[in-house]
Amino acid sequence: MEKINGVQLYGLKRLITTIRMGLNKELANLSLKQKLALNYVSKESKLTRLNGKIFSNTFTPYYPSPAYNRFLKGVVAAGKGIPMPVVTNFAVTPKCPCNCWHCSFSDRSREDILTLDQLKKAIADVQEMGASVIGFTGGEPLLRDDLEEIIASVDKRSMPIMFTTGYKLTAERVRRLKQAGLEIPVISLDHYQAEKHDEGRRTKGVYDYAINAIRLFKEEGFYVAVSFVPNKQLVDNRDELYKVIDFFKDLGINDMRLTSPILSGHLTARPEEKLTPENVATIFEIQKFCSATLGYPGVFAYDFFESELYYGCGAGYNYMFIDSQGNLCPCDFTMMSFGNILERPIEEIWKETSEHFCTPGCICYANKSNDVIAARKPDIWPLDKETTKEVLRECPSYDKNHLPVFYRRMGLNQESD
């Protein structure tokens, strides 16, 4: 069993750290009720101290940092009904060695990758708009030779993270990524058996790349996360599912993004892949168990935090995705767009997007709108602006009278009235 990087905080150490984090100036004007609302969701994340930094999950910048201050500012704004792209992901390339069974990028164009200069400008723009976490995904980001320069263009106002299969990663490149400013690598890993992982990713040998990447990032002192996408069959088999979680623990993983199958990309016309309510209850159980148990990785389970009981879905409200052709989308999985950043300013497209996603929803919008989106069947995703508007008229992204618990506790209805 490998030791995790850093120290997980429990008991008095966690309490003291939580109090310190809560004394941030960005929270000074909140009421006690609003501060308790923030604690209601933050207590579900594990705190880990590493190299003088406190990490809580892959959606929150480490504390203390300018990015953390900005994150709190964005959360407070969102709680008042002000949309802001607090988390923004860029697909820096459509190219990938894998063809994953659940890939959300599968039907997008494989052409016209954004240039380095275009990405640098876009990164500067989203930082000006309030982004505190900037993720680099694909495709496979490691296939870009200029990835380090892209990451280095993110200044201290935001925390850079990267999603990768670990494809052909070397120790030298890990050192270059660290020097560029990468804070959290998120490595795709779905099973403890190599053949199971490779089968799901439809690429032989990719399991070995993932394990190697985890080892190299750990050796370089990173807070290391995995992206775990269990299929319905695995979630149905509780014993096998917990073996995978134990495997992550034994690898010394700090964090786990647990993403249930989302009806997008390869799964657009496959609603049978969606988890059942019983499956989702199991995901909730894993979230609670791992967060409460020393040595297990922290968990950010989408089914948990995007449920009505917590944050809900922030697509187009506090989250933004820009694909490798420059299309600005509400999230990685919602295959619609109000425009392309090569044709219109990012801020202008975001404003139009957030006017239609002006309140957080209670469930994942990609899953909610799947049937309506799938019926359009374009040759290339995402849907264009006019078709996007049609879908939103038929399937609104939110209900102002039905808010996630966090926003109700923050007083969003009162603030908006």
Side-chain angles (χ1 to χ4, degrees), residues 2-24 26-27 38-39 41-75 86-89 131-136 151 154 156-164 174 177-178 180-187 189 213-214 216-228 245 248-249 251-259 287 290-302 304-305 310-311:
E2 297 285 337
K3 184 180 178 183
I4 66 164
N5 285 344
V7 177
Q8 294 177 341
L9 303 183
Y10 283 90
L12 185 59
K13 289 182 179 179
R14 179 182 173 108
L15 176 62
I16 292 172
T17 301
T18 300
I19 291 172
R20 286 175 179 165
M21 295 171 75
L23 292 174
N24 191 284
E26 299 294 346
L27 306 180
L38 287 169
N39 184 65
V41 289
S42 64
K43 67 182 174 61
E44 301 296 345
S45 294
K46 182 170 288 187
L47 298 184
T48 300
R49 181 187 291 117
L50 175 61
N51 300 325
K53 303 171 182 178
I54 303 296
F55 292 89
S56 50
N57 56 54
T58 59
F59 282 89
T60 307
Y62 65 83
Y63 166 87
S65 67
Y68 179 77
N69 299 343
R70 172 175 272 220
F71 172 79
L72 291 183
K73 184 177 182 178
V75 170
V86 178
V87 178
T88 298
N89 278 0
S132 60
V133 177
I134 297 180
F136 298 106
I151 292 172
V154 179
K156 296 297 182 183
R157 292 175 295 173
S158 309
M159 181 183 74
I161 68 175
M162 179 187 70
F163 302 88
T164 178
V174 169
L177 290 167
K178 185 175 184 180
L182 179 66
E183 284 294 342
I184 301 179
V186 185
I187 299 101
L189 187 58
I214 290 168
L216 291 176
F217 280 121
K218 285 192 63 186
E219 288 176 353
E220 202 58 41
F222 278 92
Y223 178 88
V224 179
V226 294
S227 175
F228 173 41
I245 305 302
F248 294 155
K249 172 180 179 287
L251 286 175
I253 297 298
N254 291 106
D255 207 313
M256 173 175 63
R257 277 201 184 202
L258 203 169
T259 310
Q287 173 77 43
C290 288
S291 297
T293 309
L294 183 66
Y296 280 85
V299 178
F300 191 101
Y302 281 69
F304 184 85
F305 284 106
Y310 290 93
Y311 284 121

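The structure displayed is predicted, hence computed values, not measured ones.
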Minimum-distance pair of heavy atoms, taken over all atoms of [X] and [Y]:
{"X": "A131", "Y": "T88", "value": "CB-OG1, 4.0 Å"}
{"X": "V299", "Y": "C290", "value": "CG2-CB, 3.4 Å"}
{"X": "P185", "Y": "F222", "value": "CD-CD2, 3.6 Å"}
{"X": "N51", "Y": "G221", "value": "ND2-O, 3.4 Å"}

I want to check something: taking the side chain as every heavy atom from C-beta on, are [X] and [Y] in contact at a cut-off of under 4.5 Å?
{"X": "I134", "Y": "M159", "result": "no"}
{"X": "S56", "Y": "I54", "result": "no"}
{"X": "F55", "Y": "I184", "result": "yes"}
{"X": "V154", "Y": "P160", "result": "yes"}
{"X": "E219", "Y": "L216", "result": "yes"}
{"X": "V86", "Y": "V133", "result": "no"}
{"X": "L47", "Y": "Y63", "result": "no"}
{"X": "I253", "Y": "K249", "result": "no"}

Any donor-acceptor pair under 3.5 Å linking the side-chain atoms of [Y] with those of [X]?
{"X": "Y223", "Y": "N5", "answer": "no"}
{"X": "N57", "Y": "S45", "answer": "yes"}
{"X": "K46", "Y": "Y10", "answer": "yes"}
{"X": "R257", "Y": "T58", "answer": "yes"}

Approximate separation, where rounding is to 0.5 Å, of [X] [atom1] and [Y] [atom2]:
{"X": "S227", "Y": "M256", "atom1": "OG", "atom2": "CE", "result": "10.5 Å"}
{"X": "N69", "Y": "E26", "atom1": "CG", "atom2": "CD", "result": "6.0 Å"}
{"X": "L72", "Y": "N24", "atom1": "CG", "atom2": "CG", "result": "5.0 Å"}
{"X": "I16", "Y": "M21", "atom1": "CD1", "atom2": "CE", "result": "14.0 Å"}
{"X": "K218", "Y": "I187", "atom1": "NZ", "atom2": "CD1", "result": "11.0 Å"}

*Evaluate the criterion side chain to side chain contact (heavy atoms under 4.5 Å, CB included) for residue pair V87 and S132; output intermediate values, then yes/no.*
CA-CA 6 Å; V87 178; S132 60; 5.5 Å; no
ring-ring contact (aromatic ring centres under 6.0 Å, His included) partners of [X], counting only residues at least two apart:
{"X": "F163", "value": "none"}
{"X": "F71", "value": "none"}
{"X": "F136", "value": "none"}

*Given Y302 and L258, is the side chain to side chain contact (heavy atoms under 4.5 Å, CB included) satisfied, shown in steps?*
CA-CA 6 Å; Y302 281 69; L258 203 169; over 6 Å; no
Is it true that a side-chain atom of [X] and a backbone atom of [Y] form a donor plus acceptor pair closer than 3.5 Å?
{"X": "Q287", "Y": "E44", "value": "yes"}
{"X": "K3", "Y": "L251", "value": "no"}
{"X": "K53", "Y": "P64", "value": "no"}
{"X": "T293", "Y": "Y296", "value": "no"}

_A quick test of your reading: do over 12 heavy atoms of other residues, nucleotides or ligands sit less than 6.0 Å from NZ of K13?_
no
*Please say whether more than 12 non-hydrogen atoms of neighbouring residues, nucleotides or ligands are located less than 6.0 Å from CZ in R14.*
yes
*Tell me, with the steps shown, if F217 and K178 meet side chain to side chain contact (heavy atoms under 4.5 Å, CB included).*
CA-CA 9 Å; F217 280 121; K178 185 175 184 180; over 6 Å; no
*asked:* Tell me if the centroids of the rings in F300 and F59 come within less than 6.0 Å of each other.
replied: yes
*Run the side chain to side chain contact (heavy atoms under 4.5 Å, CB included) check on N254 and Q8 step by step: do they pass?*
CA-CA 9 Å; N254 291 106; Q8 294 177 341; 5.9 Å; no
